[in-house]
Amino acid sequence: MKAETKTLYIDTVGCQMNVLDSELVVGSLRRQGYTLVHEPTAADVILFNTCSVRAHAEEKIYSALGRLARHKRKHPDAVIGVLGCMAQKDQEEVRRRAPHVDLVVGTGQLARVPELVDAVKQTRQPQYALSLGRADAGKDTVTASFESFDPPRDASMRPTPFQAYVRIQIGCDKFCTYCVVPTTRGPEQSRHPDHLVAECRQLAAEGCKEVTLIGQTVNSYKFDHGDGRRTRLSDLISRIHDIDGIERIKFVTNFPKDMTDDLLDAVRELPKAVKYLHVPVQSGCDEVLKRMKRLYTVGSYREMLQRCRDKVPGVAISSDFIVGFCGETEGAFQKTMDLVREAKFKNSFIFKYSPRPGTKADDLFADDVPEEVKKRRNNDLLAVQSVNSLDDHRSRIGQTVEVLVEGPSKLGEKQPAGGARQLTGRTMADHIVVFDGHDRLIGRTLPVHVREASPFTLYGDAETGEVGGDELTAREPAAPPRLSLPLV
Ligand code: SAM
Ligand code: SF4
């Protein structure tokens with residue numbers, strides 16, 4: 001009889017939430033004896049953790065599934081699963097376009113993956129586990145059907161062993177007209193602060209130095225204890241701040257309207273709070289913001305920016321933009337260009353509008369900006385942002401910055417491990433810094449003297465206080481920076 005092997009492959013597309021979900025799924029399957037492999041065709045269980053924010057992310061998954069159809073015919077015992085946003089949103093479509101898929105599990109049901117994998121293996125029948133749709137029942141019932149699935153973690157799936165995401169909030173109730181997230185992730189819920197503090201303590205005990213608190217509108221986090229007490233994000237950060245071993249606390253993504261003074265005060269006052277705020281504005285034109293239902297105006301966003309900078313001197317701020325949204329005229333786009341010129345974001349993530357079936361924008365408005373215009377606007381905005389990023393980076397030449405060393409840079413990855421090579425890390429204001437050093441520095445926080453800058457990266461010399469060692473002798477050309485999140 002053939003001995004049962006337990007190998008697992010997982011492909012993750014999308015945002016930090018998905019990276020964390022994959023960590024949790026892998027953690028729970030490892031507990032069942034699975035080992036991770038890096039080729040889908042070498043695995044007994046092949047999982048895709050999916051993203052629906054833009055059409056392109058979905059098409060990538062359908063292509064990957066299509067490539068596996070032949071493999072599945074030859075290896076009918078292989079279990080193929082689609083997890084996450086596409087599963088929750090498009091169960092029928094997944095079954096129609098990829099009938100060889102055995103497992104479809106939504107974002108709110110991931111805790112059941114091990115049990116469902118076993119059920120497929122035993123019954124050879126497909127298994128489906130989805131939360132309720134937003135209109136399927138009353139809000140409390142729908143909310144309860146989206147579980148937060150956080151305790152079983154797997155350190156090997158983290159960005160690095162000393163950095164971890166902590167989900168403090170699930171779902172979203174903002175319903176921006178272009179966005180699928182309220183459908184795929186369900187109603188907004190904030191997790192109990194005691195559970196979050198316990199999770200951060202556990203992470204610190206495992207050697208984690210930096211936690212990134214994640215939520216779709218993380219700054220609207222609030223937990224009502226039921227006895228009149230309320231924990232806000234600022235209170236939660238203060239509690240995590242007291243945990244020994246945690247050196248840095250980040251939080252993403254902020255909603256402009258919910259940027260409260262108590263939070264900004266906490267960021268300024270608490271030394272472990274990273275001096276960086278990701279606050280997407282999406283557009284610099286009020287009419288476009290109104291059609292997006294973003295609930296603020298460009299004027300109120302500008303005021304918020306000023307308040308952030310007044311309250312947290314030196315804070316770095318980044319944004320997201322959607323170009324080519326329905327009805328975006330050239331004049332409207334120029335207002336976005338003006339905002340980017342003036343706002344001095346550290347960096348911006350720019351996306352071409354992708355109509356998403358089931359969203360209000362797709363129902364109500366025509367996708368009337370041609371693809372080549374979207375592309376051009378994307379490039380134009382990127383060019384303005386790059387000038388500002390370079391100016392910002394140049395102003396840091398000559399400074400010494402504190403860098404948490406994350407690992408080898410892209411170039412360093414090609415150099416032999418265990419010795420001297422090019423490393424990368426981030427400052428307290430989230431700037432990427434590349435420098436030559438030794439692998440033993442990975443995971444440490446150290447001063448780096450900045451001597452050069454590009455729009456994406458600072459280049460410097462580490463001040464290790466150490467003598468000797470096998471430092472790099474020849475200076476290699478700097479590698480392109482690693483992609484900064486969000487990936488979607
Ligand atoms: N909750 C976050 C917020 O409100 O800023 C962002 C979540 S969303 C997953 C990440 C980014 O994707 C958004 O900020 C937006 O710029 C972009 N995005 C969302 N829906 C999109 C769509 N239909 N087409 C293009 N970009 C989109
Ligand atoms: Fe989507 Fe808007 Fe919610 Fe962000 S705030 S997840 S863009 S609906």
Side-chain angles (χ1 to χ4, degrees), residues 15-17 53 168-169 171-179 181-182 185 188 190 212-222 232-234 236-237 250-268 273-323 325 328 332-333 335-351 353 360-361 381 384-385 388 429-430 484-486 488:
C15 63
Q16 297 98 325
M17 283 285 172
V53 170
I168 67 167
Q169 183 191 52
C172 181
D173 284 342
K174 293 286 194 275
F175 288 99
C176 303
T177 56
Y178 51 80
C179 184
V181 171
R185 295 261 170 201
E188 181 182 315
S190 293
T212 301
L213 312 180
I214 57 175
Q216 294 299 341
T217 56
V218 72
N219 54 342
S220 60
Y221 172 91
K222 54 179 174 307
R232 305 161 299 177
L233 179 57
S234 56
L236 178 65
I237 294 174
K250 284 192 196 180
F251 52 96
V252 286
T253 294
N254 293 284
F255 194 71
K257 211 163 91 61
D258 296 336
M259 191 60 87
T260 53
D261 283 350
D262 62 286
L263 179 59
L264 296 174
D265 290 340
V267 171
R268 184 190 60 247
V274 166
K275 311 305 174 207
Y276 162 65
L277 299 168
H278 181 58
V279 204
V281 61
Q282 311 296 358
S283 168
C285 169
D286 281 342
E287 290 91 80
V288 174
L289 288 177
K290 200 161 176 201
R291 276 199 298 284
M292 290 177 164
K293 196 172 156 282
R294 283 293 285 184
L295 311 173
Y296 53 82
T297 61
V298 183
S300 62
Y301 184 87
R302 282 195 168 99
E303 279 166 26
M304 183 228 51
L305 270 187
Q306 195 51 51
R307 202 157 43 82
C308 293
R309 289 177 170 144
D310 289 345
K311 288 219 161 249
V312 190
V315 69
I317 299 175
S318 65
S319 180
D320 291 354
F321 290 90
I322 297 178
V323 293
F325 185 62
E328 186 191 65
F333 173 65
K335 289 182 183 171
T336 302
M337 292 278 276
D338 290 344
L339 179 66
V340 173
R341 257 183 221 109
E342 158 210 327
K344 309 283 183 215
F345 295 116
K346 174 177 87 75
N347 62 302
S348 291
F349 300 92
I350 303 167
F351 307 103
Y353 172 58
K360 271 261 158 26
L381 206 55
V384 175
Q385 177 58 56
N388 282 350
D430 203 56
S484 55
L485 292 165
V488 293

Could you pull out all donor-acceptor pairs under 3.5 Å where a side-chain atom in residues 280-289 meets a protein atom, sequence neighbours excluded?
| unit_1 | atom_1 | unit_2 | atom_2 | d |
| --- | --- | --- | --- | --- |
| Gln282 | NE2 | Tyr178 | OH | 3.4 |
| Ser283 | OG | Cys285 | N | 3.1 |
| Asp286 | OD1 | Val298 | N | 2.7 |

Task: Enclosure of Lys290 NZ (heavy-atom neighbours >12, cutoff 6.0 Å) - done: no
Task: Close side-chain approach of Ile237 and Phe251, heavy atoms under 4.5 Å - done: yes
Open item on the list: Tell me whether the NZ or CZ atom of Lys346 lies within the 45° cone about the ring axis of Tyr276 and under 6.0 Å from its centre.
Closed with: yes
Open item on the list: Tell me whether Asp338 is salt-bridged to Lys335, with the criterion being a basic N under 4.0 Å from an acidic carboxylate O.
Closed with: no
- [ ] Just jot down the salt bridge (Lys or Arg N to Asp or Glu O under 4.0 Å) partners of Arg309, sequence neighbours excluded, or say none.
- [x] none
Task: Pairing of Arg291 and Glu328 as salt bridge, 4.0 angstrom limit - done: no
Open item on the list: Could you check whether any side-chain heavy atom of Asp265 comes within less than 4.5 Å of a side-chain heavy atom of Leu263, counting everything from C-beta outward?
Closed with: no
Open item on the list: Is a donor from one side chain sitting under 3.5 angstrom from an acceptor on the other, for Gln169 and Ser220?
Closed with: yes
Task: Stepwise side chain to side chain contact (heavy atoms under 4.5 Å, CB included) test for Phe325 and Thr177 - done: CA-CA 10 Å; Phe325 185 62; Thr177 56; 3.6 Å; yes
Task: Atom NZ of Lys257 with >12 non-hydrogen neighbours under 6.0 angstrom - done: no
Task: Asp430 and Lys275: CA distance, side-chain angles, deciding distance, salt bridge (Lys or Arg N to Asp or Glu O under 4.0 Å) verdict - done: CA-CA 8 Å; Asp430 203 56; Lys275 311 305 174 207; over 6 Å; no
Task: Intermediate values then yes/no, side chain to side chain contact (heavy atoms under 4.5 Å, CB included), Tyr296 and Phe255 - done: CA-CA 10 Å; Tyr296 53 82; Phe255 194 71; 4.2 Å; yes
TODO: Please say whether more than 12 non-hydrogen atoms of neighbouring residues, nucleotides or ligands are located less than 6.0 Å from NZ in Lys311.
DONE: yes
Task: Backbone of Asp258 reached by a side-chain donor or acceptor of Asn219 within 3.5 Å - done: yes
Open item on the list: Pairing donors with acceptors under 3.5 angstrom, does anything connect the side chains of His278 and Asp320?
Closed with: yes
Task: Euclidean distance, Thr260 OG1 relative to Leu264 CG, rounded to 0.5 Å - done: 6.5 Å
